[in-house]
Student: 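I'd like to ask some things about the structure below.
Computed over heavy atoms, backbone and side chain alike; hydrogens, waters and symmetry mates excluded. For the single chain, residues carry numbers from 1 onward in sequence order.
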Amino acid sequence: MKPLNKMDNLDRAYLLAKLFPDELKPLIEFMEKEAELFIMNREQVFEQWTEQHFRVDMWYKLITAFQYRYEKNGTRLYRNARTFRDQLFDGYALFTIHALIHYTEQSQCSYELKNAIYMLFGPAKLIDINLNPQP
């Protein structure tokens with residue numbers, strides 16, 4: 001195994017999937033809900049966007065790419081560590097990393113998974129817009 005400082009996002013995602021295979025399904029379901037939340041609150045996101053490193057339209061392209069891969073791969077995303085890695089962390093994985101970090105704030109995220117996500121991807125949120133689920 002590579003040292004942590006030599007790992008890229010693909011290596012980190014694969015390690016996470018191998019260490020926590022039973023937690024992938026709820027994690028991926030959360031990612032899908034997070035994508036839907038951003039889609040439902042598009043106007044709010046555009047109004048509150050403050051990120052300087054990339055534009056809001058790029059963010060929505062990443063969400064669309066995630067949703068396409070989610071629909072295309074279905075259960076393979078949480079049943080196969082390589083599929084999880086290749087489909088969700090290859091290329092610009094900003095949305096999936098954002099969703100991982102946001103998942104650590106949820107009650108269903110185990111203490112161990114939370115620490116692993118922080119160790120592998122860091123604790124800093126990429127986008128800090130508070131979206132509330134609509135009824």
Student: With a 3.5 Å cut-off and sequence neighbours excluded, list the donor-acceptor pairs that the side chains of residues 4-11 form with protein atoms.
Tutor:
| unit_1 | atom_1 | unit_2 | atom_2 | d |
| --- | --- | --- | --- | --- |
| Asp8 | OD1 | Leu10 | N | 3.1 |
| Asp8 | OD1 | Asp11 | N | 2.9 |
| Asp11 | OD2 | Lys2 | NZ | 2.9 |
| Asp11 | OD2 | Asp8 | N | 3.2 |

Student: Is there a donor-acceptor contact under 3.5 Å from the side chain of Gln52 to the main chain of Thr50?
Tutor: yes
Student: Strictly by salt bridge (Lys or Arg N to Asp or Glu O under 4.0 Å), give each pair with a member in residues 48-68 just once, sequence neighbours left out.
Tutor: Arg55-Asp57
Student: Does one hydrophobic cluster hold both Tyr68 and Phe95, with members joined at side-chain heavy-atom distances below 4.5 Å?
Tutor: no
Student: Hydrophobic cluster membership, with links at side-chain heavy-atom distances under 4.5 Å among I/L/V/M/F/W/Y: are Tyr78 and Tyr14 in one?
Tutor: no
Student: Test of understanding: with salt bridge (charged side-chain N to carboxylate O under 4.0 Å, His left out), list the residues that count as partners of Glu47, not counting sequence neighbours.
Tutor: none
Student: Let me confirm one number: the CD1-OH distance from Ile63 to Tyr70, rounded to the nearest 0.5 Å.
Tutor: 15.0 Å
Student: Please report the interatomic distance CZ(Arg85) to CG(Leu16), rounded to the nearest 0.5 Å.
Tutor: 13.0 Å
Student: Kindly indicate whether a cation-pi arrangement holds for Arg42 with Tyr60, taking the cut-offs as under 6.0 Å to the six-membered ring centre and within 45° of the axis.
Tutor: yes
Student: Considering only distance and modelled atom types, tabulate donor-acceptor pairs under 3.5 Å from the side chains of residues 24-40, sequence neighbours left out.
Tutor:
| unit_1 | atom_1 | unit_2 | atom_2 | d |
| --- | --- | --- | --- | --- |
| Glu34 | OE1 | His102 | ND1 | 3.0 |
| Glu34 | OE2 | His98 | NE2 | 3.1 |
| Glu34 | OE2 | His102 | ND1 | 2.9 |

Student: With a 4.5 Å cut-off on side-chain heavy-atom distances among I, L, V, M, F, W and Y, is there a chain of contacts connecting Ile97 to Met119?
Tutor: yes
Student: Nearest 0.5 angstrom please: Thr96 OG1 to Gln87 CD, how far?
Tutor: 11.5 Å
Student: Give, for atom CG of Leu88 and atom CG of Asn73, the distance between the pair rounded to the nearest 0.5 Å.
Tutor: 7.5 Å
Student: Quick test of your reading: applying side-chain hydrogen bond (donor to acceptor under 3.5 Å, both in side chains), list the pairs with at least one residue in residues 118-128, sequence neighbours left out, ordered by first then second residue.
Tutor: Thr104-Tyr118, Glu105-Lys125
Student: So which pairs with a foot in residues 87-104 pass salt bridge (Lys or Arg N to Asp or Glu O under 4.0 Å), sequence neighbours left out?
Tutor: none
Student: Could you walk me through whether Leu113 and Ile117 satisfy the side chain to side chain contact (heavy atoms under 4.5 Å, CB included) test, starting with their C-alpha distance in whole Å, then the side-chain angles of each, then the deciding distance to 0.1 Å, before giving a yes or no?
Tutor: CA-CA 6 Å; Leu113 178 59; Ile117 290 170; 3.8 Å; yes
Student: Examine Tyr111 and Leu100 and state if one hydrophobic cluster contains both, with Ile, Leu, Val, Met, Phe, Trp and Tyr joined whenever side-chain heavy atoms are less than 4.5 Å apart.
Tutor: no
Student: Donor-acceptor pair, Gln44 side chain versus Asn130 backbone, under 3.5 Å?
Tutor: yes
Student: Could you tell me if the ring centre of Phe89 sits under 6.0 Å from that of Phe84?
Tutor: yes
Student: Shortest non-hydrogen contact from Cys109 to Lys114?
Tutor: SG-N, 3.7 Å
Student: With rounding to the nearest 0.5 Å, note down the distance linking OG1 in Thr83 to CZ in Arg69.
Tutor: 11.5 Å
Student: Given the rule in the side chain to side chain contact (heavy atoms under 4.5 Å, CB included) test, do Leu126 and Phe121 qualify, once you have shown the distances and angles that lead to the verdict?
Tutor: CA-CA 11 Å; Leu126 300 176; Phe121 295 97; over 6 Å; no
Student: Hey, could you give me the CG/CG distance between Leu120 and Leu19, rounded to the nearest 0.5 Å?
Tutor: 7.5 Å
Student: For atom CZ of Phe46, decide whether the heavy atoms of other residues, nucleotides or ligands shown that lie under 6.0 angstrom number more than 12.
Tutor: yes
